[in-house]
Amino acid sequence: MDLSTLQAVEENGGKFFDNGQQADAMEILQGYGMNLVRLRLWNDPFDENGNPYGAGGGDIETVLALAKRAKKLGVGWLLDFHYSDFWADPGKQRVPKAWRGMNEKELEQAVYEYTLQILNRCREEDIVPQMVAVGNELSNGLLWPLGELSPRRKLLAENSSAGAGESAEKYSDTGMGNSDGRPASSDQALEHAYKNVAAFVSAGIRAVRDFEKGQDFGIGSDIAKETAAPEAAPENKIPVMIHLDNGGNNALYRSWFDHYFANGGEDFEYIGLSYYPFWHGTLDMLQNNMDDIAKRYGKKLVVAEVSMGFTMEDYAAYEKLAPGERKGMATKPEIAAQVPYPMTPQGQVDFMRDCIRVIRQVPDNLGCGFIYWEPAWLPVPNVGWANAASCAYIQEPGPYGNEWANQALFDYDGNALPALQVIGEES
C-alpha cells in the first residue's frame, strides 16, 4: 500500500474505521494482509520561505515518521526516490532546485551522493528500507531535459534550426548537439538521452550497493566517502526496483529495458509497473506484458501502482473548497465509461480479484504482488495534489484538491470498503 499522504490526512481530521470501530489506518490495512508500505521521497518540497508543497509532504522527516510506524507493526517499507522536489511521472521529471544547471556527470554524481546520504540517514534512524525504487515512473526518463525520453524531446530536435530556438539552448553543452549548438538528429538525441537515463539510474543503484557494502566506489566523491555506511550484513541486501508506468504497453517495456541494458545499466531485482484500468489498457494487455517481460528479463515483477474507483459520487462537501479551487476526480465520467468494471464497491472488488489473478499467473512465479496507490487519501481539507506554494513552483495556476478519493479503499467517511476483504483473501 502506498500511504504517502496518510500523516497529512490524519493531521487534517481523517479518521478510519473497520466494521464500525475506529482504528489506525495502518493497523486496519495490516489486518487485511498489507506487508509493505511504499513512501515517496521528494528532495526539497519547500519554497524559499519554508512553505511545504503539500500533497502529503514527501520530505524525509515525513517519510521516516511513516516508515517507523510501519516498522512497529512489523510491516516492511519501500523507499521511492523521485529525484525531484515535487511530483515526478511520465509527464514531468523536474530537476531538483539544488541540481539545476548541472551537466550529465554532475547529475550522475548528485544522484549517487543523495541516494547514499538518504540511506545513511535511514540507518541512523534504524529504519533501513526493505526495497528501494530508483526513480518513479521512468517511462519518459528522469532529470529532464538531459534524461528526457518523451516524444517532445524528439520534436524539439526535429523542429529546431541551427543555433536558435529552445532546442539549441537546451542541447548545447550536453553532448547531444553539434558544435554550433544545433541538436543532432532526433534519433541521435534520443539515443543519447537513453544513455543518460541508464547512467543516472545506475548511479542510484550503485549508491544502494555501496551502502550495503559500506564502501563508496563507483562514481565516488568526498561527500560520499564521509557518509559511507558501516559494513552491512549479507541479510541487509536491499532489492532495487526500476518502475515504469503504462503496464499494458509491452512495446514500451521492451524498448526501455532493451536500451537500458544496451547502455550498460546496473543490474537490479524488480521491475515495477503502474497499471490503472482507466489509463493503461485492459487486464489482458497487462497479462501479456508481464508474461513477456518475465521471460525476456527474468526479473521479479510488482504492479507498483494500481487502484480502481468505488464510486463516481462527488466529494466536494468533504474538501470544503470553492468550485474553482477543486480539480475534481481523475476518473472523469468519460474515462470511467471506458473501464469494463463499474466504479462501485462491487466493481472495485471484482477488479482487484481479477488483477491479483493476473499477477499470480506470471510465469516462473515472477509475479510477486502489487502496491495499491493511496488507499487512505480521504478527501479531507488541505490535502490535495498541490497547494499555492507548489503551484508557484511548477508554474501552474491550479486548481488544487483531491483527485483520488473515489479510488481509495476507504469511503469518504473513512470506512473500510469490501475490496479490502477480497484483497486479504486473495493475497
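- With hydrogens and angles disregarded, no donor-acceptor distance shorter than 3.5 Å links the side chain of Ser390 to the backbone of Ala386.
- For Glu374 and Arg40, the salt-bridge test passes: some basic side-chain N is under 4.0 Å from an acidic carboxylate O.
- Between the Tyr315 side chain and the Val380 main chain, no donor and acceptor come within less than 3.5 Å of each other.
- In terms of heavy atoms, Pro45 sits closest to Gly58 at CG-C, 4.1 Å.
- A donor-acceptor pair under 3.5 Å is formed between the side chain of Tyr275 and the backbone N or O of Leu283.
- Every pair passing ring-ring contact (aromatic ring centres under 6.0 Å, His included) that includes a residue from residues 8-39 is listed here, sequence neighbours excluded: Phe16-Phe410.
- A cation-pi contact, defined as under 6.0 Å to the ring centre and within 45° of the axis, is absent between Lys97 and Phe46.
- The two residues Leu273 and Gly247 come nearest to each other via the heavy atoms CD2-O, 4.0 Å.
- Ion pairing between Asp126 and Lys68 fails under the 4.0 Å rule for side-chain N and carboxylate O.
- Asn402 contributes a side-chain N or O that, together with a main-chain N or O of Trp377, makes up a donor-acceptor pair within less than 3.5 Å.
- Ion pairing of Glu104 with Lys195 is absent here, as no side-chain N (NZ or NE/NH1/NH2) approaches a carboxylate O to less than 4.0 Å.
- Salt-bridge annotation for Lys299 and Asp267: present, with a side-chain N of the basic residue lying under 4.0 Å from a carboxylate O of the acidic one.
- Contact record, Cys368 with Lys300: SG-CB, 3.6 Å, taken as the closest heavy-atom pair.
- Salt-bridge annotation for Lys72 and Glu27: absent, with no side-chain N of the basic residue lying under 4.0 Å from a carboxylate O of the acidic one.
- Nearest heavy atom pair, residue Ala376 against residue Leu3, reads CB-CD2, 4.1 Å.
- Looking at Asp18, its side chain never comes within 3.5 Å of a backbone N or O of Gln21 through a donor-acceptor pair.
- Residues Glu148 and Lys92 are not paired through a salt bridge, judged by the lack of any N-O separation under 4.0 Å between the basic side chain and the carboxylate.
- Ion pairing between a basic and an acidic side chain is recognised when a charged N comes within 4.0 Å of a carboxylate O; Asp413 and Lys15 show no such pairing.
- Other residues, nucleotides and ligands contribute over 12 non-hydrogen atoms within 6.0 Å of the CD atom of Glu106.
- Of the charged side-chain nitrogens involved, none lies within less than 4.0 Å of a carboxylate oxygen, so that Arg326 and Glu403 do not count as a salt-bridged pair.
- Scanning both residues, Glu108 and Ala203, for their nearest heavy atoms gives O-CB, 3.3 Å.
- In this structure, the side chain to side chain donor-acceptor pair (under 3.5 Å) partners of Glu266, at least two apart in sequence or on a different chain, are Arg206.
- Between Asp24 and Arg69, at least one side-chain N (NZ, or NE/NH1/NH2) sits under 4.0 Å from a carboxylate O, which counts as a salt bridge.
- Comment: Arg360 engages Glu426 in a salt bridge, judged by a side-chain N to carboxylate O separation of less than 4.0 angstrom.
- A donor-acceptor contact shorter than 3.5 Å links the side chain of Glu325 to the backbone of Ala322.
- Of all the heavy atoms in Val63 and Trp77, the pair that sits closest is CG1-CZ3, 3.6 Å.
- Electrostatic pairing of Arg94 and Asp85 does not count as a salt bridge here, judged by no charged N lying under 4.0 Å from a carboxylate O.
- Each of Asn136, Thr115, Val95 was scored for a side chain to side chain contact (heavy atoms under 4.5 Å, CB included) with Tyr83, with one residue passing: Thr115.
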